[in-house]
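Just so we're clear, the structure is a prediction, and the values are computed from it rather than from any experiment.
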Amino acid sequence: MILLRKRAAEMAATFMIGDVLLGLLQPARHVELWQERAGGAERTVRPSVGRPGRRRAYAVLQIAAGLALAARQRA
């Protein structure tokens with residue numbers, strides 16, 4: 001059970017880091033994709049609509065969180 005939880009955390013970290021790359025490299029396109037009918041993600045991206053710099057700043061925070069999460073996982 002513990003190993004499964006660690007793997008899930010590692011997968012979450014991997015997802016976060018991938019999301020970050022898209023947010024850094026293509027902020028407007030990435031935000032636009034999640035603006036409508038996104039299962040609740042609309043609220044998350046709303047502050048970044050029309051503000052690519054804000055999305056990039058959020059991406060930097062996500063990098064730190066994703067790396068911190070991954071660093072805590074041990075085999």
Please check if atom CZ in Arg29 has more than 12 non-hydrogen atoms from other residues, nucleotides or ligands closer than 6.0 Å. yes
Any donor and acceptor pair, going by atom type alone, linking the side chain of Arg56 with main-chain N or O of Leu24 inside 3.5 Å? yes
Taking every non-hydrogen atom, the tightest pair across Ala13 and Gly66: CB-O, 3.4 Å
To the nearest 0.5 Å, what is the distance between CG on Leu67 and CE on Met16? 9.0 Å
Would you compute the distance between atom CD of Glu10 and atom NZ of Lys6 and round it to the nearest 0.5 angstrom? 11.0 Å
With side chain to side chain contact (heavy atoms under 4.5 Å, CB included) as the test, would you mind laying out the steps for Glu32 and Val49 before giving the verdict? CA-CA 7 Å; Glu32 185 178 320; Val49 173; over 6 Å; no
Please name the pair of heavy atoms, one in Pro47 and one in Arg43, separated by the smallest distance, quoted to 0.1 Å. CD-O, 3.5 Å
Residue pair Ala59 / Gly23: nearest heavy atoms and the distance that separates them: CB-C, 4.4 Å
Donor-acceptor pair, distance only, cut-off 3.5 Å: does the side chain of Gln35 make one with the backbone of Glu42? no
When rounded to the nearest 0.5 angstrom, what distance separates CH2 in Trp34 from CZ in Arg46? 15.0 Å
Contact summary for Leu69 and Ala12, nearest pair of heavy atoms: CD2-CB, 4.1 Å
Test log, rule side chain to side chain contact (heavy atoms under 4.5 Å, CB included), inputs Ile63 and Ile17: CA-CA 6 Å; Ile63 287 172; Ile17 293 166; 6.0 Å; no
Leu33 and Leu22: same hydrophobic cluster, using ILVMFWY side-chain contacts below 4.5 Å? no
